[in-house]
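Note that ligands are numbered from 1 as they come in the structure, with each ligand's atoms numbered from 1 the same way. Any value given below was found using the heavy atoms of this structure, including those in side chains, with hydrogens, waters and symmetry copies removed.
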Amino acid sequence: RGAIALQGVSRVFGGGIVAVDRIDLDIRPGEFFTLLGPSGCGKTTLLRMIAGFETPDSGCILISGREMQTVPAHKRAVNTVFQSYALFSHLNVADNIGFGLRMRGVAKAERRARTEQIMGLLQIDAFATRNPAQLSGGQRQRVALARALVNEPEVVLLDEPLSALDAKLRAELQVELMRMQKRLGMTFIFVTHDQHEALVMSDRIAVMERGRMLQVGPVLDVYEQPRSVFVAEFLGLSNIWTFTARPGNIAETPIGPITVTAPLGSATTAMIRPEKIWLHPEAAAPSDRPNLFPGTIREAIYMGASTQYNVELRGGAVILALDTNNQAAERSWRPGEKIVLELKPDNIMLIDP
Ligand code: ADP
Ligand code: MG
């Protein structure tokens with residue numbers, strides 16, 4: 001119960017736009033699964049097909065083991081929160097949220113208790129008696145969320161449900177939603193174009209580009225071991241170099257030879273995340289280790305919990321390094337300072353063409 005399977009699912013719109021292109025996917029019961037990709041890559045179309053508002057041109061969709069081809073949207077065991085949410089304009093917030101429970105004949109006292117609980121969780125209890133027209137976009141979005149979650153469905157489909165919220169509330173609700181999903185054991189299929197949001201919330205993610213699924217896996221795996229340059233760049237900052245293989249596990253890159261741990265195989269691109277790069281003061285740099293690159297700090301971008309450094313190497317290439325401000329607790333670098341970067345072989349990921 002609560003499992004979703006897609007087998008070779010495609011959707012082609014008029015004019016030959018392949019919105020979703022032969023997607024296979026298995027989503028496990030109770031999983032927080034996120035579809036991540038840039039605008040226009042097919043996320044909403046995929047979600048609408050699972051919900052039953054859109055019909056695949058080929059392939060099939062199974063919910064809890066049951067083929068959905070002939071099952072209309074309202075008979076599917078899913079609840080959906082869309083980007084554009086329609087609330088009943090003549091009902092106040094509490095009644096909007098309790099509507100589904102009322103339709104299912106849930107007794108008044110229980111309806112009230114559940115409605116109040118979910119309103120508290122989503123921080124909308126103060127607006128309980130207002131009408132939708134008296135709410136801001138972000139408040140309306142939370143009411144739409146509450147209305148779907150109060151029914152405690154097996155599967156919840158969420159299409160960028162936090163996009164209208166300001167940063168602080170958004171961060172709070174990301175964590176709150178994740179907790180709620182775990183506590184109630186619902187399957188969440190969450191759509192976002194925001195890599196940070198995807199990393200924070202998900203058990204597994206699927207990165208999409210132009211209707212295709214590029215990589216599916218646990219958040220950490222996809223972030224640390226991207227299998228394509230697109231995935232590497234979409235999930236965060238990275239340093240990426242193409243290389244020619246040399247004996248001794250050496251990748252000959254434009255910044256010079258880099259020793260790596262993983263077998264070079266057929267890979268042609270090397271990648272390292274900025275936070276995996278070590279910065280040493282020039283005077284106290286190691287000399288007996290591989291992959292030491294002297295350079296000069298050109299820019300220091302302070303970002304609160306971390307500082308991003310743009311470091312120029314002797315040959316002119318620029319490397320991005322991120323100090324999470326606890327590596328060397330007391331140390332921060334200023335533009336013009338000379339340092340030595342260390343790229344540890346274990347931290348260098350290889351990408352096949
Ligand atoms: P996303 O949600 O990732 O932004 P969509 O699923 O909305 O992407 O859209 C995927 C592609 O399909 C886009 O090129 C979009 O223009 C196109 N598309 C979506 N819905 C329709 C439609 N009803 N008719 C024609 N083209 C559509
Ligand atoms: Mg969309």
Side-chain angles (χ1 to χ4, degrees), residues 4-25 27 31-61 63 68-69 72-74 76 78-87 137-138 140-145 147-149 155-165 170 173-174 177 187-202 204-217 219 222-223 226 228-236:
I4 309 247
L6 277 70
Q7 294 163 356
V9 172
S10 293
R11 179 77 176 104
V12 185
F13 288 112
I17 298 164
V18 185
V20 171
D21 192 4
R22 290 162 291 163
I23 281 183
D24 297 308
L25 193 60
I27 297 169
E31 178 168 49
F32 198 124
F33 191 92
T34 296
L35 300 170
L36 172 68
S39 176
C41 73
K43 305 180 297 294
T44 295
T45 305
L46 191 59
L47 215 59
R48 286 174 54 82
M49 289 193 284
I50 297 171
F53 299 117
E54 193 84 61
T55 310
D57 292 304
S58 59
C60 61
I61 296 173
I63 299 178
M68 287 290 122
Q69 184 125 24
H74 68 275
R76 299 190 183 191
V78 300
N79 257 275
T80 313
V81 186
F82 284 113
Q83 259 163 318
S84 49
Y85 27 82
L87 299 175
R140 276 204 290 273
Q141 207 169 22
R142 277 178 282 158
V143 176
L145 255 179
R147 204 173 54 174
L149 296 176
V155 180
V156 190
L157 309 176
L158 304 122
D159 195 351
E160 314 218 15
L162 307 179
S163 59
L165 308 179
R170 185 172 181 166
L173 289 192
Q174 284 170 354
L177 266 182
T187 307
F188 269 31
I189 307 182
F190 188 91
V191 163
T192 182
H193 64 271
D194 180 331
Q195 49 95 3
H196 178 73
E197 186 161 279
L199 294 180
V200 167
M201 301 179 81
S202 325
R204 289 194 306 152
I205 59 176
V207 182
M208 292 180 69
E209 186 200 20
R210 282 189 259 133
R212 300 285 307 170
M213 213 141 266
L214 296 185
Q215 191 168 349
V216 182
V219 173
V222 181
Y223 180 78
S228 59
V229 170
F230 182 89
V231 171
E233 291 184 326
F234 199 75
L235 281 193

Between C41 and R210, what is the shortest heavy-atom contact and its length? CB-N, 3.8 Å
Judged by atom type as modelled, is there a donor-acceptor pair below 3.5 Å linking the side chain of T34 to the main-chain atoms of L36? no
Can you name the closest pair of heavy atoms from T187 and I27 and give their distance? CG2-CG2, 3.8 Å
Shortest non-hydrogen contact from R11 to D57? NH1-OD2, 3.0 Å
Shortest non-hydrogen pair, A198 vs V219, comes out as O-CG2, 4.2 Å
May I ask you to identify, for I17, whether its side chain, its backbone, both or neither come under 4.0 Å of ligand 1 on a heavy-atom basis? side chain
Pull out every atom of ligand 1 sitting under 4.0 Å from any heavy atom of A19, numbered as shown with elements. 10 (C), 11 (C), 12 (O)
Can you tell me if G37 has a non-hydrogen atom under 4.0 Å from ligand 1? no
Is the Mg ion (ligand 2) less than 2.8 Å from at least one N/O/S atom of T44? yes
Do any nitrogen or oxygen atoms of F13 lie less than 3.5 angstrom from nitrogen or oxygen atoms of ligand 1? no
